[in-house]
Amino acid sequence: MNILGINAYHANASAALVCDGRLVTAVEEERFNRVKYAAGFPEHAVRHCLSEAGLTIKDIDHVAVPRKPWARLATKLFYASRMPRFAFDRIKAWKHFRGIHEDLAAACDIDPEAIRAQYHRVEHHVAHLASAFFVSPFDSAAVLSTDGLGDFASTMWATGEGSRLRVHGAVAFPHSLGLYYTALSQYLGFWRFGDEYKVMGLAAYGEPAHVPELRHVVKPHPTKGFELGLEYFCHHRTGPEMTWQESGKTPVLGQLFSPYLEERLGKTRPASEPVGKKHQDIAASMQVVLEEAYFRLLNQLHKTTPHSQICLAGGVAFNCVANGKIFDHTPFTQVYVQPAAGDAGLSVGAAYYVFHQILGQPRTFIMDHAYWGPQFDSEAIASALEGSQVHTLGSPVHELADEELMRHTAQHLAGGKIVGWYQGRQEWGPRALGNRSILVDPRRAEMKDILNQRIKHREIFRPFAPSILEEATGQYFEHSHPSPFMNLAYSVVPEKRAAIPAPTHVDGTGRLQTVSRQTNPRYWALIKEFEKITGVPVLLNTSFNENEPIVLTPKEAIDCFLRTRMDVLVLGNYLIEKPPAESSPAERVEAANTSKA
Ligand SMILES: [Fe+2]
């Protein structure tokens, strides 16, 4: 039985293919069309799913779509009658949605009549819940989905038992923790879609001095966990306005906060102005208030279910800082957040919802790694190298056996080099987890600045993340519960902070990836080799890209290597080192001095 999940006409468009309950592949459209958070119809992703399985669209039995336009219809009609523009946008979205069959046929270059699959509409948050629970390692669990808005709800909670989900409750528009975080991010001058994670990084620098005020913005609610102080917002009056850039592919959300927020907190920060102490303090306060509501929801959910396992999804589930504190603030002892916890994951969730909940099939699959994207074999890598400008560097391309490759790469890392590490199948979800990664030595505090100067160009307050051998987690972090998908942040134990300063955030935490020998033996072997040289079982891991979606093809990796001041590129078993002139020791000294200052 073949089920194609499609998240379309929505940010983070994606497709996933489930064959007889086994996930064959899952991938975001942005990796192909190179537009970050791309929306629209995921035509490339759909074609990839079919070709990966050797199928055609005629072989697909079910198409699962994570949107149910008639969900919460009464609430939608109520708000549509008050907000004509919003009603117009809804009608436009509905028209798009109705065209999915034709778009699918066009993507597959086939007559729409020839598609025999049955279509299923799965409500947005139900698909999120399914994406979290049905691929988790738990037979039963509490499940929570929290995001901005989807099918007119922002939050939903449930219990998962075997192949069934039982929804217990939801929070409907206009109340939303995701929109709260986005609104305050806008107020702080971060307007781009997906900027919330920058504010989460900024929060670590501030004092939560504005918590009393923000407790009027997000207030406790006896049954729903939270409600918004609507006087601080305008989305309930005007509708959450969405426009599109990059040929209609990148979403831009209109202003969500009202003038009353400025009355209470002062003027907003124009994006061009520097971030100051007040902004840091507001970011810190936002995070505290979000966590209060999040833990209230979780504790409330725990009272209705007997489970100590929690599965999380929705954009808020990317708040790794809050997730890392769940063990200390709730009775839950095991946490599962699949790698594409945001809207990309809806394609997987909808497909598994159809397989289990609708078709009644038993569970056999666990998503214990994130490597579900496309891959390119050694021949494809060799041909990309041959067709590239790598030869202009004047350095040989070495093809090394595994052991030698790990040893040489680890030596380069220990020597302070920036290494592009490209292996196997691409990661599913927004985090690079050791297959499309840029790696550096975590012991060198200056590497954060060097990475930013040479490649990443990020705001200085944004942290970089550590990858650690799973078995060493407890030696370096205050929790040892696995975090294979970088969705939890833990405190680094105080005596180890000096050992890994580059990926340790200013508040002493790290958004860690625990690396298992079973699920990524090559990356595990590389970190192990680095540990043999340095005594430290950790690498700093950031995504292989330069202000763009993570590189997909060997050509994109090579181009990024040549375009930036990366030192070493490892593609499969090929290793290329830039000549010394390309690296500037002076720059390193300068960065080291900046870092000390
Ligand atoms: Fe969502």
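Order of listing sets the numbers, starting from 1, for every ligand and every atom in it. Heavy atoms only: backbone and side chains are in, while hydrogens, waters and symmetry mates are out.
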Would you call K325 and D328 a salt bridge, using N to O less than 4.0 angstrom? no
Has D139 got more than 12 heavy atoms of other residues, nucleotides or ligands less than 6.0 Å from its CG? no
Minimum-distance N/O/S atom that H124 presents toward the Fe ion (ligand 1): NE2
Among the N, O or S atoms of D147, which one sits nearest to the Fe ion (ligand 1)? OD2
In D343, the N/O/S atom nearest the Fe ion (ligand 1) carries the name OD1
Mind checking whether the Fe ion (ligand 1) has an N, O or S of H128 under 2.8 Å? yes
So, H302 versus F332, ring centres under 6.0 angstrom or not? yes
Answer yes or no: is there an ion pair linking R462 with E459, defined by an N-O contact shorter than 4.0 Å? yes
